[in-house]
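In what follows, a structure is listed as C-alpha cells, so that the remarks can point back to it.
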Protein chains: 2
Amino acid sequence: MLQLQDLPDTKILNKFAHRYPDANIEHVLHFLTLLRVGSDLSDVLDRFLTGYGLLQGRWWVLILLMREQDLMSTPSSLAEKAGVSRATMTGLIDGLDKEGLIMRVTDVNDRRKLQIKLTSTGQAKLDEVMPEYYRRVSELMSVLSSEQSESLISSLTKLQNNSDVFK
Amino acid sequence: MLQLQDLPDTKILNKFAHRYPDANIEHVLHFLTLLRVGSDLSDVLDRFLTGYGLLQGRWWVLILLMREQDLMSTPSSLAEKAGVSRATMTGLIDGLDKEGLIMRVTDVNDRRKLQIKLTSTGQAKLDEVMPEYYRRVSELMSVLSSEQSESLISSLTKLQNNSDVFK
DNA sequence: ACTTATTAGTTAGCTAGCTAATTAGTTTGC
DNA sequence: GCAAACTAATTAGCTAGCTAACTAATAAGT
C-alpha cells in the first residue's frame, strides 16, 4: 500500500475545498491518517521479518500451519484463512518450499489435494522469530493505556463495520 | 498487504502462549486488528477507485499534481511526496501516460529532468472521482463522534511515534 | 579544464497481490 | 456408467511495491 508522506496543508485543502465544496476536511485528514499509520506499521513489520528472511505473506502461512494440530493444511484452506486468492497462495508456498520451510505432500484420498506441512526447519524459523515479535508488539502497544486500547479497537471496529459505504 | 481473516481464538492463543510464554495476547490481538482494519479500508478504497479505472498509486499521483500551482512536478518530487521509490514512480507515470491522464515534458534547463503535467483528461478524471470520494469518506467517518475521532487519531499517532521499537 | 561526485530517470529482476483460464481429479444426476 | 458440474491447484499476465545497477547530464574540486 502506498503511504502518502505529504498530508495536505491548509492552503492545499482550501484549493480542493473550493473545487470540491462537499469535502469534509477533518474527516479526510482522519481517514488518511488511519490509512497511513496502518501502512507504516505494516512496513515496519515487514522490515522486521526481512531480518529473518521472511515477509508477511510467507510468515502468516507458517503461523497458520503451526496452528494446526498436525502442522498440516491444504492450499485452499490456507488461502481462505489468510484472505488471499489460491493463486497467491501457490506463489507463497512455492517460496516457502524452495527454502525448505514447508513441504508439499500429495493427498492419497483425493489426488487433487495437497497437504502442506510445516517442516522442522519451518518450526525452527518460527521459534526464532516469534519471541522477538511478541516482545516488540508488547513494547509497541504499551504506549497506550488499556482504556485507550479499548477505545481504539472499538473505533476501528465501528469503521470496519461501516466500510460498505464505499461499495 | 495480506489480511489475516482468521484472527486466533483462545485455544490457538494458548498453544502459542505455551510455546512462547512472553506473548501478551491482548497486545497481539489489538495490533492485528489495527493492521487488518487499515488493510481492509485500503482495499475498499482500491475497489472504489477501480470503478473509475484507477488504483491508489496512480490516483495519488493525480492528486499530487493537482496540488501544484501549475499542475506540474518532477518524478523525483512526486516519488518523495508519495513515499515510493523513484523506480515505482516511473511505473506509475508510465501507466498514467498510456491513459493520457498526464504528460511527460522534458525540462529545457536541466535535461536530466522531466516535468510531469496533469492533462485536462486527468483533471476531468479527478473531477469525476473526488466529489464521490469525499462523500463516502464523510459517510464512513461519521460513525465516530468528534471525541472518538480525536481519541483515535491521538492513539494512532502515539503508536506511529513508537513504531521504531520494531527497528 | 578535466576528473570525480552527484542527481534524474529508467531498466532489470525480485516479492506479493489480483483475475481469468487451464489441467486434473471427483461427484452428481439422469 | 457416462456427461456435466464442481473442486483443487497451477499458470499466465496484470498492477504495484522494492533494491541495485545503469545511462545521461550537471555540479564541484583541484
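The chains referred to below are lettered A, B, ... by the order of the sequence lines, with proteins before strands, and numbering in each begins at 1. Keep in mind it's a predicted model, so treat the numbers as computed, not measured.
- A salt bridge is absent between A/Lys117 and A/Asp70: the closest approach of a Lys/Arg side-chain nitrogen to an acidic carboxylate oxygen does not fall below 4.0 angstrom.
- Residues A/Arg36 and A/Asp43 are not paired through a salt bridge, judged by the lack of any N-O separation under 4.0 Å between the basic side chain and the carboxylate.
- The separation between B/Asp94 atom CG and D/dG17 atom P is 13 Å, rounded to whole Å.
- Fit an axis to the five pairs at each end of the helix from C/dA1-D/dT30 to C/dC30-D/dG1 and the two axes sit 0° apart, to the nearest 10 degrees.
- Remark: aromatic rings of B/Trp59 and B/Tyr52 are distant, center separation not under 6.0 Å.
- Note on ring orientation: taking the six-membered ring where Trp is involved, the planes of A/Tyr133 and B/Phe166 are tilted (angle from 30° to 60°).
- When rounded to the nearest whole Å, the span between CG of A/Leu55 and C1' of D/dG17 equals 11 Å.
- B/Asn109 comes within 4.0 angstrom of sugar-phosphate atoms only, judged by non-hydrogen atoms across all strands, and of no base.
- B/Thr90 has no side-chain polar atom (N or O) that falls below the 4.0 Å cut-off from OP1 or OP2 of C/dG9.
- One can place CG of A/Leu114 at 11 Å from P of D/dT11, the figure rounded to the nearest angstrom.
- Ion pair B/Glu132/B/Arg135 flagged as a salt bridge, since at least one NZ, NE, NH1 or NH2 atom sits closer than 4.0 Å to an Asp/Glu carboxylate oxygen.
- Look at CG on A/Leu96: it is 16 Å from P on D/dA9, rounded to the nearest Å.
- Of the candidates D/dA9, D/dA16, C/dT19, the closest approach to any side-chain atom of A/Ser76 belongs to D/dA9.
- Computed from coordinates, the A/Gln56 CD to C/dT15 C1' distance equals 13 Å when rounded to whole Å.
- The minimum heavy-atom distance between A/Met72 and A/Leu65, with the atom names listed, is C-CD2, 4.1 Å.
- The side chain of A/Arg104 contributes an N or O atom lying less than 4.0 Å from OP1 or OP2 of D/dT10.
- Nearest-nucleotide mapping onto DNA chain D: of B/Ala87 and A/Ser77, the residue sitting toward the 5' end is A/Ser77.
- Each of B/Arg86 and A/Thr88 was assigned the nucleotide of DNA chain C with the nearest heavy atom; the assignment lying further toward the 5' end belongs to B/Arg86.
- Contact between the side-chain N/O atoms of A/Arg111 and the OP1/OP2 oxygens of C/dA24 is not found at any separation under 4.0 Å.
- Using a 4.0 Å cut-off between charged side-chain N and carboxylate O, B/Lys125 and B/Glu99 make no salt bridge.
- Residue A/Arg47 is classed as having no contact, given no heavy-atom separation below 4.0 Å to the nucleic acid.
- The environment of A/Lys113 atom NZ is sparse: at most 12 non-hydrogen atoms of other residues, nucleotides or ligands sit within 6.0 angstrom.
- The CG atom of B/Leu49 sits 20 Å away from the P atom of C/dG17 (whole-angstrom rounding).
- Counting to the nearest Å, the C1' atom of C/dA16 and the CG atom of B/Asp46 are 14 Å from each other.
- Judged by closest nucleotide on DNA chain C, A/Met89 is the one of A/Asp110 and A/Met89 placed further toward the 5' end.
- The NZ atom of A/Lys113 sits 18 Å away from the P atom of D/dC6 (whole-angstrom rounding).
- The base of C/dT26 does not come close enough to the side chain of A/Arg112 for any donor and acceptor atom to sit less than 3.5 Å apart.
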